[in-house]
Amino acid sequence: MCGIVGIVSNRPVRARLVEGLIRLEYRGYDSAGIAVVNGQGIVRRRAPGKILNLQSVLDDAPIDGTCGIAHTRWATHGRPNTENAHPHQTGNVAIVHNGIIENFKPLREELARSGHIFATQTDSEVIAHLIQYHLDKDMDEESAFLASVDRLEGAYAVAALVGDANQTLYAARHGSPLVVGFGDGEMFIGSDAFALAPFTKRVLYLEEGDSAVVKIDAVCVRDNTGKPVERQIQMASISAAMAEKGNYSHFMEKEIHEQPEALARTMAAYIDPQSEMPLLAESAPLLENADRLVAIACGTAYLAASVAKYWFESLAGVHVETDIASEFRYRTPALPENGTALFISQSGETADTLAAMRYCKRAGLNTIGVLNAPESSIARETTAVMRTLAGPEIGVASTKAFTAQLAVLAISAIGTAQLRKKLNAVEAQRHIKAFEHLPELVRQAIATKEQCRTIAPTLAKAKQVFFIGRGVYYPLALEGALKLKEITYLPAEGYAAGELKHGPIALIEEGTPVIVIAPSDPLMEKTISNVEEMAARGAKIIAITDEAGAPQFEARAEHTIVLPDMPGLTGPIVAAIPLQLLAYYTALELGTNLDQPRNLAKSVTVE
Ligand code: F6R
C-alpha cells in the first residue's frame, strides 16, 4: 500500500527521501513522487511506475530543499499515472496520503463551488484543497491543517507541506500508521519504522486521531481532541541491516531460508525449556475459559487460522470459527457471550483485520493478536499479543511469517488442550517434544529446493495448476495455490481432495499438474483414491509426502517430493516449504517480479 516519508533537516533531503521510498517499495506501489520546499516555494516531481522512473525525472529536472515529503502510491481512485501520483499540490500546499477519504466527493463538490479546480481523479487531492481553502480564510498553517483533517472521513495517514517557506512537516493519523523519527539535527515522518531505519531508530508512534507538527528540533503531538500529548519515544526493533537481501537474489528466497531460525526463535518464546510445556502467558486464561474461539485474518494468515481450527478442535475440543476479515463484520455474526477472538496478521495493520478486531472488542469478546509486527495497530489494541518472531518479512508473498504463525497456533492449541484438561501433562509434553526437531525438519525440507527447481518448468508451462489435500493439508493446498498465483500469475486452485469430483474434476485435462500434499496419516489412503481419479483423467501428479508415504506414490506420481517424517503437529509447517519453493522457482522461470508482484501490496491498509 501507499508509503510516506517526510524529512525536515538542516541539509538537503532529496536523496534521503528517495532512499526512504526505496525502502517502502516492498509495500507495493505503482507510482511515486516527492515535493520539497526550496527558495521558490513548494516544488514537486512525480512519475508512474517504479522509483527508477522518478529518479530519472529528478535527474532531468533536479529539485532539492531542506524540508520535503515523498510517497509511493498504490492506486485506489484513478489510474496509476503521473497526474494521479502524490504529492498533490495546490498553491502553497502539498500533501501525501495513505488510505481512503470516504467523503471526498461531497468535499470536492463543496470546494469546487468555491472555485477550486481539481487536477486528478484521486480522493486524496481534496486534502490539499481543503488546507488551501482554510489558509485563504486567513488561518495560520497549523490551524488550516487541523481544520482540514477534521473534515476528513475514512482512513488516512497524511503528511503535508503548508506555506511556501515553512520548514515544518504536518502529519495526522486516522486508521493508517504513521511514525515520527528523531534524528540528529533533523526529524522524520514515515509510514513505518522500517522506512526510517537508515536514518534513525528513535521513533514515536502516532496513535489513532493524533496529529503532529514536526520541526527540525521538536515535535508537538495533539490527540483527537486537539490537546497536546506526550507520546513515548521508543527504539524501533528493526535495523537497516535486517532488511538487506544478503547473498540471496530475492527477499522471498532469503525469507524461505530464514525459517529454521525464525521457528526456533518463535518456539523458544512459547515453550518452557525446563518443563517442556507450553507458555501462553496472558493468553492462557483467554483460551482456557472461552466458550468458543473465533479466528479472523486475511489471505495467507487466514489459511494459518484454517489449519489451527483443526488443531484446536481435535486437541482441545473447543469450537473454532474461522472468518475472512473482510466478510466477518458485514455478515452480522452470532458471537459467543464469553468468546475469544484471535487475529492473525504479519503486519498487524491489515485494515479489514483491524476493523474486525475492533468489532469484536465492541461485542465484548476477548482479543488475542498473533502478530509479527510488535508496534502495529492491532498489537496496541488487543487484550493479549502472541508474537511471531519471524523478523521483518519484506517479500510480498508471506513465507516465514506463515510458518511462525502455524508454530504459535500449534503450541497454543496444545496449551489450550492441557488447560482444558483434554491432554494430561505427559501427553502435552509429548506433543511439545515433537517440535524439538522442527528447525532441522524445515532445513531438510529446504533441501528439496533442487528438486523443486526441476519441477518448476512443468508448472510454468501449465494452463492451470491444482493443489489438493485432506485435513490440515486442505488449507495448506489453498496456501500452495495462493502462493503460486500471487507470484507467477498462473491460474491455480486449491481443493479438499474429496471435493474434486463434485465439480472441479471437469477442469482436469491431459497433463494438468495436480500437486498432492499427502504425508502418511490416517487420511492418506483416501487421498490416494482421489489421486487415482485425477491420474485416470490424464493429470500429471506431483506428490509432497514423507518417507513412509513415498512408496504409495512411486507408480502414481511423475515427481515425488519426499519430506522427513513429521511428528505431531509439525506436518503442515514442514510441508509448507516445498509449496513456497515451487512457487518461487516457477516465478523465477517465468521472470516475474516476485518480491513485488503486480497489483499486490505487502500491508493492505485499505478495505
Ligand atoms: C500472501 C500474503 C497475503 C497476506 C494478507 C494478510 O502471501 O502475504 O495474503 O497474508 O494480506 O496480511 P497480514 O498478515 O499482514 O494481515
Side-chain angles (χ1 to χ4, degrees), residues 1 26-28 74 176-177 191-192 194 250-253 255-256 259 262 295-308 322-328 341-358 367-379 381-382 385-388 390-406 408-409 467 475-490 492 494 576-577 579-584 586-587 592-607:
M1 295 274 115
Y26 80 99
R27 295 164 73 97
W74 187 84
S176 298
S191 295
D192 55 34
F194 178 66
H250 299 92
F251 280 110
M252 184 179 176
E253 185 190 18
E255 288 158 7
I256 290 173
Q259 288 176 104
I296 301 168
C298 298
T300 286
Y302 168 73
L303 297 173
S306 306
V307 174
T322 54
D323 248 297
I324 291 171
S326 56
E327 287 296 313
F328 170 73
L342 290 127
F343 300 89
I344 299 121
S345 175
Q346 188 285 125
S347 63
E349 300 293 350
T350 301
D352 284 315
T353 310
L354 180 60
M357 188 268 293
R358 289 179 179 153
T367 55
I368 301 177
V370 178
L371 306 166
N372 202 40
E375 295 108 355
S376 58
S377 302
I378 298 181
E381 293 184 37
T382 41
V385 172
M386 304 188 85
R387 278 192 65 191
T388 49
E393 191 179 69
I394 311 297
V396 160
S398 187
T399 52
K400 61 177 181 169
F402 175 66
T403 49
Q405 285 159 358
L406 289 179
V408 170
L409 291 165
F467 292 77
L476 212 63
L478 298 176
E479 168 61 5
L482 175 58
K483 214 86 304 168
L484 190 72
K485 62 189 143 191
E486 68 179 327
I487 60 169
T488 67
Y489 319 146
L490 283 170
I577 310 299
L579 298 173
Q580 298 166 354
L581 290 166
L582 286 170
Y584 176 79
T586 308
T592 53
N593 184 346
L594 53 75
D595 274 338
Q596 291 163 39
R598 72 179 177 209
N599 304 337
L600 293 183
K602 181 66 184 161
S603 163
V604 183
T605 50
V606 296
E607 282 188 45

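Because the structure is predicted, anything quoted here is derived from the model rather than measured. We count ligands from 1, going down the list as the structure has it; atoms in each ligand are counted the same way.
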Can you tell me which residue and heavy atom of the protein come closest to [atom], and the distance to 0.1 Å?
{"atom": "atom 5 (C) of ligand 1", "result": "Cys298 O, 3.6 Å"}
{"atom": "atom 14 (O) of ligand 1", "result": "Gln346 N, 2.6 Å"}
{"atom": "atom 15 (O) of ligand 1", "result": "Ser347 OG, 2.7 Å"}
{"atom": "atom 2 (C) of ligand 1", "result": "Thr300 OG1, 3.8 Å"}
{"atom": "atom 7 (O) of ligand 1", "result": "Glu486 OE2, 2.5 Å"}
{"atom": "atom 11 (O) of ligand 1", "result": "Val604 CG2, 4.2 Å"}
{"atom": "atom 12 (O) of ligand 1", "result": "Thr350 OG1, 3.5 Å"}

Which atoms of ligand 1 sit under 4.0 Å from any heavy atom of [X]?
{"X": "Lys483", "result": "1 (C), 7 (O)"}
{"X": "Ala301", "result": "10 (O), 14 (O)"}
{"X": "Ala397", "result": "7 (O)"}

Smallest separation among heavy atoms of Thr399 and Glu393, with atom names: N-OE2, 2.9 Å
Glu381/Arg358 ion pair, N-O < 4.0 Å: yes
Can an N or O of [X] be found at a distance shorter than 3.5 Å from an N or O of ligand 1?
{"X": "Gln405", "result": "no"}
{"X": "Thr353", "result": "no"}
{"X": "Val396", "result": "yes"}

SG-CD distance between Cys298 and Gln346, expressed to the nearest 0.5 angstrom: 12.5 Å
Ile324 side, atom CD1; Ile296 side, atom CD1 - distance, nearest 0.5 Å: 11.5 Å
Any donor-acceptor N or O pair under 3.5 Å, side chains Thr300, Lys483: yes
Donor on one side chain, acceptor on other, Thr403 and Gln259, under 3.5 Å: yes
Test item: Leu342 and Val370 side chains (from C-beta on) under 4.5 Å apart, heavy atoms: yes
Test item: Asp595 and Ile394 side chains (from C-beta on) under 4.5 Å apart, heavy atoms: no
Contact partition for Glu349 relative to ligand 1, non-hydrogen atoms under 4.0 Å: neither
Asn372 and ligand 1 - part of the residue with a heavy-atom distance under 4.0 Å: neither
Any donor-acceptor N/O pair, Thr353 side chain to Ala325 backbone, under 3.5 Å: no
Name of the residue among Phe194, Trp74, Phe251 meeting ring pair (Phe, Tyr, Trp, His ring centres under 6.0 Å) with Tyr26: Phe194
